[in-house]
Participant: 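Got a structure here, written out as structure tokens. Questions coming.
The structure presented is a predicted model; accordingly, all values stated were derived computationally and were not measured. As a basis for the values below, the full set of heavy atoms in this structure was taken, side chains included, without hydrogen atoms, waters or symmetry mates. By convention in this document, chain letters (A, B, ...) are assigned in the order of the sequence lines, proteins followed by strands, and residues within each chain are numbered from 1.
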There are 2 protein chains.
Amino acid sequence: MAPESTYNRRERPAKPALTREGIVAAAVAVMRAEGVERVTMRRLARELDTGAASLYVYVKDTEELHAAVLDELLAEVELDGAGDWRERLWAVLGSYRSVLFAHPSLARVALVTRLSGPRFLALVEAVLALLDEGGMAPGQAAWAVDVLLLTATAAAVEHGSRRERPGAAREHEVMAESLAGVSSRTHPHIAALGTDLVSGPGPVRARWAFDALLNGALATPRPDPGETR
Amino acid sequence: MAPESTYNRRERPAKPALTREGIVAAAVAVMRAEGVERVTMRRLARELDTGAASLYVYVKDTEELHAAVLDELLAEVELDGAGDWRERLWAVLGSYRSVLFAHPSLARVALVTRLSGPRFLALVEAVLALLDEGGMAPGQAAWAVDVLLLTATAAAVEHGSRRERPGAAREHEVMAESLAGVSSRTHPHIAALGTDLVSGPGPVRARWAFDALLNGALATPRPDPGETR
DNA sequence: ACCTGAACACCGTTCAAGT
DNA sequence: ACCTGAACACCGTTCAAGT
């Protein structure tokens, strides 16, 4: 319990040091193995051979810990690519989405927490650079990056939540059924579109949304700040 | 559900019946008073003078219960308005956002769960009707409604989470600081835009995003389904 | 300053047993 | 068929007490 002598420390070399870095590293390991929902104070404390209370010296709360784990993961986002600026931007956002798809429970964290870690900043910088290359006005780009990342994140949350749970496969069916079962008298537009509302492979829809958003952002000037509304 | 004698019902008028409706009603009440995070099986069971296990006869799990509560809340969304189709659509989405803003924790539910309740269908129908009125091609409208609701929901999640927690006010500062503290050598575009990245009142940004999305959706045809990719 | 055990106040879900 | 208590396997966070 009191490692006064050096040999005592050598006895458990696998145990990470109780530092913020050590805690985050353990958290990443648990997350990769079992998902973020297992990244809890108590579980991490067990992992680090200590009590949950000890972690509060290094980490504000569970949410802050999750945000740190997420930023660590964003290191995997591929920021460099080849081709047209639009294709490269699509690739960057696709890579971001892939990372979140691979860890669906983290996508939730991305939406709820305001990210500000180094990897996230690198991602924002990369997106801004590509929008600049594409000739988007700076003011529009500043606001567009938000919407682009938001939709990518939200798409990952949806997709991820759907895939994660066991009963999720047929939850989509329930949705499709409730759309099909709708009366053309009360819901004429839904009835007219039918399953087209949920049709199409995810990637194709995502690409259309990306193009639509980008086209709109390029063509829509920001409101005059002088206007009261 | 089978009230054989009237006096029996009179004896405990405050206690809702143990039916799906009763459970959902109690859930809505708890949610309004204390937020969805308090809408738990155990808490509801206490409210209904029974054990948590009993609820599983009527409700699949906690998530399904939350979805039911959310649909109940969507009754408050104002679907009819005056003016231009675009202004009316903006009003409908604004009303949807307001409802979620008022109950931030429910916005999270809206993103994670695939909604299919009657109020949600009414909302989708209303949006489709307005897009139709605005002359958007049906195929584009079918996909645009998804993106429009998604961004509104995601915005509510962000805003809501920010306002909800105590330390949230200065979380925005942390973000602003980390943007301001960025080196113009490593992150030139972020540095150039500075606080403009997080600038502007929420509603103005939301309106710009709405217009950009709508303009883009109107101008971006869906990919030819004949194409392999 | 850092670490700890114990405590407080909770969770979701399952299941054998009752009615 | 419906309802129940008890059990299993967990949570986040605080705090007095130790080193």
Participant: Checking B/Arg46 against B/Met41 for the side-chain contact (heavy atoms from CB on, under 4.5 Å) test, could you report, in this order, the C-alpha distance in whole Å, the side-chain angles of both residues, the deciding distance, and whether it holds?
Facilitator: CA-CA 9 Å; B/Arg46 230 177 299 143; B/Met41 293 301 199; over 6 Å; no
Participant: Check this for me, if you would: do B/Arg32 and B/Glu76 make a salt bridge, where the nitrogen-to-carboxylate-oxygen distance has to be below 4.0 angstrom?
Facilitator: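 Between B/Glu76 and B/Arg32 there is a salt bridge, with a charged N closer than 4.0 Å to a carboxylate O.
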Participant: In plain terms, say whether A/Arg42 and A/Glu47 are close enough for a salt bridge, that is, a side-chain N and a carboxylate O under 4.0 Å apart.
Facilitator: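 No salt bridge links A/Arg42 with A/Glu47.
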Participant: Under a 3.5 Å limit for both distances, which nucleotide forms a Watson-Crick or G-U wobble pair with D/dC2, could you say?
Facilitator: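 Its partner is C/dG18.
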Participant: Pick the P atom in D/dC10 and in C/dA9, then give their distance to the nearest Å.
Facilitator: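 One P to the other, the span is 23 Å.
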Participant: To the nearest angstrom, how far is B/Leu18 atom CG from D/dC2 atom P?
Facilitator: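 Distance check: B/Leu18 CG to D/dC2 P gives 10 Å.
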Participant: Does OP1 or OP2 of C/dC2 have a side-chain N or O of A/Tyr58 closer than 4.0 Å?
Facilitator: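 So the side-chain polar atoms of A/Tyr58 never come under 4.0 Å of the phosphate oxygens OP1 or OP2 of C/dC2.
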Participant: Would you mind building the protein contact string for nucleotides 8-19 of chain C? One character per nucleotide, 5' to 3', B for base within reach (heavy atoms under 4.0 Å), S for sugar-phosphate only, - for untouched.
Facilitator: ---BBBBB----
Participant: Look at the side chain of B/Glu64 and the backbone N and O of B/Val59, then say whether any donor-acceptor pair between them is shorter than 3.5 Å.
Facilitator: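 A pair under 3.5 Å: no.
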Participant: Please determine whether a side-chain nitrogen of the Lys or Arg among B/Glu34 and B/Arg38 lies less than 4.0 Å from a carboxylate oxygen of the Asp or Glu.
Facilitator: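 The answer is yes: the pair qualifies as a salt bridge.
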Participant: My understanding is that a pair needs two contacts under 3.5 Å, Watson-Crick or G-U wobble. By that rule, which nucleotide pairs with D/dA9?
Facilitator: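 Check on D/dA9: unpaired, no WC or wobble geometry under 3.5 Å.
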Participant: Taking only distance into account, with no hydrogens and no angle test, what donor-acceptor pairs under 3.5 Å do side-chain atoms of residues 22-29 of chain B form with protein atoms, sequence neighbours excluded?
Facilitator:
none

